[in-house]
Amino acid sequence: MKAAVVVLPGSNCDHDCLHVLRDVLGVDARFVWHKERELPPVDLVVLPGGFSYGDALRAGAIARFAPIMEAVAAHARRGALVFGICNGFQILAEAGLLPGALLRNRDQHFVCQDVRLQVEHVESALTRTTGGRHILTMPVAHGEGRYHIDAEGLRRMEGQGQVLLRYLEDDDRVGEVAGINGSLAGIAGIMNAEGNVFGMMPHPERAAEPLVGGPAHGGSNTDGRLLFEGLLHDAESAR
Amino acid sequence: MKGYVNHVPISDALVAEHGLSPDEYQRVLEVLGREPTLTELGIFSVMWSEHCSYKSSRKHLGGLPTSGPRVLQGPGENAGVVDVGGGWAVAFKMESHNHPSFIEPYQGAATGVGGIMRDVFTMGARPIASLNSLRFGRVDHPRTPYLVGGVVAGIGGYGNCMGVPTVGGEVTFDPSYDGNILVNAFNLGLLRADRIFRGYATGVGNPVIYVGAKTGRDGIHGATMASDTFDEGSEQKRPTVQVGDPFTEKLLLEACLELFATDLVIGIQDMGAAGLTSSSFEMASRAGTGLDLDLDAVPQRAADLDPYEMMLSESQERMLLVARAGREAEVAEIFRKWDLDAVVVGRVTDTGRVVVTWRGETAADIPVDPITELAPRYDRPHHPPADLESRWRLDLSAVADPAPGDEASARLTALLAAPNVASRQWIYRQYDHSVRVGTVRRPGDADAAVIRLPDGDRGVALTVDCNPRLCWLDPLRGAALAIVECCRNLACVGAEPLGTTDCLNFGNPERPEIMWELVQAIEGIGLACREMECPVVSGNVSLYNETGATAVKPTPSVAVVGLVEDVHRAGCTAFGRDDLEVALLGVLEGPEGGSLAGSVLLSDLEGRCAGRPAAPDFARERAVQGACRELVRTGTVASAHDLSEGGLAVALAEMCFGGPGYPQVGVSVHIHPRARLDQALFGEDGGRILIAYALDDRALVQAVAARYEAPLAILGLTGGDHLRITDHRGHALVDAPIATLHEAWRFGLERALGYGE
């Protein structure tokens, strides 16, 4: 298993993702600079969170034109794994590698707190190891995380099981729009129709070690780790 | 270039416009031996501004303790540095951005964060945690909701983009800040103990390199503005507020850290207040050298900048560095990778002068040492305010002592919803506090934030505090109490203090009663830092925080950084589970029966600020904190919380709530009020920490408390869904459902500010 973490100008979760992949999960992971035009031979490409290009215009709008992105798109077309977290998700949506768009949070404020996510199904590389645990806890930290897509697009996604994670409200239900940021149908994480490109606004890398995973699960929260493990497992079995 | 003339006749009016007194102008003539050019006048104006020269405070700051076994760099550099072991060190500093934030809250606060981060990464450190200390006017002042919203968004906007977690802070609402808010930003960075960079321009012939953003006209005379009081026309000063670009600063940070990993850099300095002027003079001054600067080489983003503007611009995200001669191209290459300018703008000389040329002319030629040595220093007259003794008079007869039961419970509910007590979650949820995956204790989790360090189990704990009401009533005691409270906060997470940074916010020092507050507060900080062994390693002074005749309450904000030996055993506030025994380290009621002097009960529910706070009992503090620290470190105590604003009842409630995501738990305790019930419940004496531990560990807790000679009172047990406080006969003094109390506390701030839900 080899992974690459793309470093764009303004990426700020790049070190966090590399740390979790390499130090926590023991993956052979490395940074790839945005000015590169080719990816090293890797199974998984991670687009990390941050404020690439200062969120100029719209989050992810400039990053999709970064030189490395053509290689990322080609990697996706080959059916290999691409995982966008937060700003990475925004970039994948802007690049058309994932459907929909991420808009400014409904209340206009940046929001950072733990959220609970309902796992929709375990038939994806991302969610396959979440097995018995149907609810995951991890932080969000974003100002533009309101997922939006037209009605037809939403129907298609729902029909194809592309919605993987939804925000849970305090009453343990999914809202028509998420309370945390206004996301349509409570959508927090999705995949493409082919099932190899993933995007989510919450940060699994921030809930991969008990020490920094916050108070959930009695202070032993590693829910985020499960999602990475799912991708690793998929990449291993594809070899 | 339209009409710029450097050699203009210097009129008295021009001197006054530059904030220089006639005496100070005489010194200018003395330093130069001739009349200054316009550019030179501007340079003197900013270098001798209160903000840059500390001319009113320097005499008194000399009395602060600044050294200790762990101090690697004390005051005088961009930030202080302390050793945290294992080859690592942390650099930290706090700085004010008060005046700009009142004029333009978003940009003012944002650039405050940007400035303090540059101070820290200039030392060679990667910023890993931020705090802030904010003071606003009363919540129902028409401007307050706008200012709070703007400042919070600005801090978040900059810090979040930088990828540096904002892990803690404090907020006070008080009418004295109606016309002068205070925004103090703290940052802490991590570096190798043997790789500290400093602001020295050494090595004749070495290149002076300008890196970062291009220079524009923004922020010209910001330092001078920050050294003046506000009046009706202050709104029009908006153009002097700089505009922040955190994206550029993020690139600058990464480029600088890459540069620091090489051997190319001799010295580096942030271009903060007074921009190119202060960075060049300070670097030359520290090294005892001179600099030749060629302004035509300075990257510019505005057309036709003249030398006056270039020397005084406070455009953000810029650094000045001195590199090894002959290796300029290697420096430029690193910055090119990050799409930033790195341009040679001068050379180090042995002339002892900063010589500035522009379009073939000498725009300024000033000797370095005299501008520092002959800088005005004032021993300003000071005396206590005439009404001091009347401030100390606290007549409680007009304050109804609540009857036990429903009345006292209602009092607690109201206090939990009060602006100075209610949950700060509305604020801190706008700050990214978990980026960098190092935050062990998040905002709201504990009395101090805890960040893990690399290589092993160590961590740093950090906290910021100041109670301006106590400082107004007695600035010496108030400032000392702020230090001991920070240390108490550290003890609650199991940390020992390493060092302190301070940010002294006061009114106009030319008024003797304000100067007295400043002198007293510095003395209080010095006293407490000696007693608690947490030397001051960096700091900042912000004076002239007043509008019309109204000065802010004296506000010496202090942040203390501590060391946690094992982050897996960092304490937290929440009880989190049933059947823990709850005890108080310290005594419930002091000699005066639990002090309501300057208490939040009086300020927020009665609109009064009166009484004289008790002097800190340092021996008691050391005993209580030492016992608490040991109990947390050995894992006996997992939840510990100090009693501060709102006293015992508020502290108990906060432990029942815990931080976001903790399970809520009830508690039942018994106390023996000696006098008024509200003094016992809400009195704010220092030296007290609530702890909770497994019942089986009682004997162990008692033994540790006894060894430290810390008083220990066993109060009760956690469990149920009510907060119950009974007297020794079992009669309920307070009895309220946790859910009701939590609802009042959690949304109190939003409601008070009218933000809705």
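We name chains A, B, ... by the order of the sequence lines, and we start the count at 1 in each one.
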At a heavy-atom separation under 4.5 Å, does B:Pro660 approach chain A through its side chain, its backbone, both, or neither?
-> backbone
Under 4.0 Å between a Lys/Arg side-chain N and an Asp/Glu carboxylate O for A:Glu209 and B:Arg452?
-> yes
For the residue pair B:His433 and A:Cys112, what are the closest heavy atoms and their distance?
-> NE2-O, 3.3 Å
Whatever's closer than 4.5 Å to a heavy atom in chain A on B:Tyr431 counts as backbone
Report the relative orientation of the aromatic rings in B:Phe247 and A:Tyr53; use parallel for angles under 30°, tilted for 30 to 60°, perpendicular for over 60°.
-> tilted
Where is the tightest heavy-atom contact between B:Leu251 and A:Pro9, given as atom of each residue plus distance?
-> CD2-CB, 3.6 Å
Rounded to the nearest 0.5 Å, how far apart are CG of B:Asp432 and NE2 of A:His203?
-> 6.5 Å
Answer yes or no: are there more than 12 heavy-atom neighbours, outside B:Asp455 itself, under 6.0 Å from its atom CG?
-> yes
Quick one: closest heavy-atom pair of B:Val435 and A:Cys13, and the distance?
-> CG2-SG, 4.2 Å
For the pair A:Asn12 (side chain) and B:Val164 (backbone), establish whether a donor and an acceptor sit closer than 3.5 Å, ignoring hydrogens and angles.
-> no
Measure the CD-OG distance between B:Glu254 and A:Ser11 for me, rounded to the nearest 0.5 Å.
-> 9.5 Å
A:Phe51 and B:Asn160 have their tightest heavy-atom pair at CE1-O, 3.2 Å
Around B:Glu258, counting heavy atoms of other residues, nucleotides and ligands shown, do more than 12 lie under 6.0 Å from its CD?
-> yes
A:His109/B:Arg429 under side-chain contact (heavy atoms from CB on, under 4.5 Å): CA gap, chis, key distance, verdict | CA-CA 9 Å; A:His109 293 302; B:Arg429 77 200 289 266; 5.8 Å; no
CZ of B:Arg577: more than 12 outside heavy atoms within 6.0 angstrom?
-> no
Separation between NE2 (A:His19) and CZ (B:Arg436), nearest 0.5 Å, reads 10.5 Å
Test A:Gln113 against every option in B:Gln425, B:Gln430, B:Arg442 by the side chain to side chain contact (heavy atoms under 4.5 Å, CB included) rule and name the one that passes.
-> B:Gln425
Any Lys/Arg nitrogen of B:Asp339 or A:Lys35 sitting under 4.0 Å from an Asp/Glu carboxylate oxygen of the other?
-> yes
Check the surroundings of atom CZ in A:Arg30: do more than 12 heavy atoms from other residues, nucleotides or ligands lie under 6.0 Å from it?
-> no
Closest approach of A:Arg206 and B:Ser434, non-hydrogen atoms and distance?
-> NH1-OG, 2.9 Å
Toward chain B, the part of A:Asp107 with a non-hydrogen atom under 4.5 Å | side chain
Look at B:Leu253, B:Val152, B:Thr439 and state which one has the largest set of heavy-atom pairs under 4.5 Å with chain A.
-> B:Thr439
Quick one: of A:Gly143, A:Gly214, A:Gly50, who has the most non-hydrogen atom pairs under 4.5 Å with chain B?
-> A:Gly214
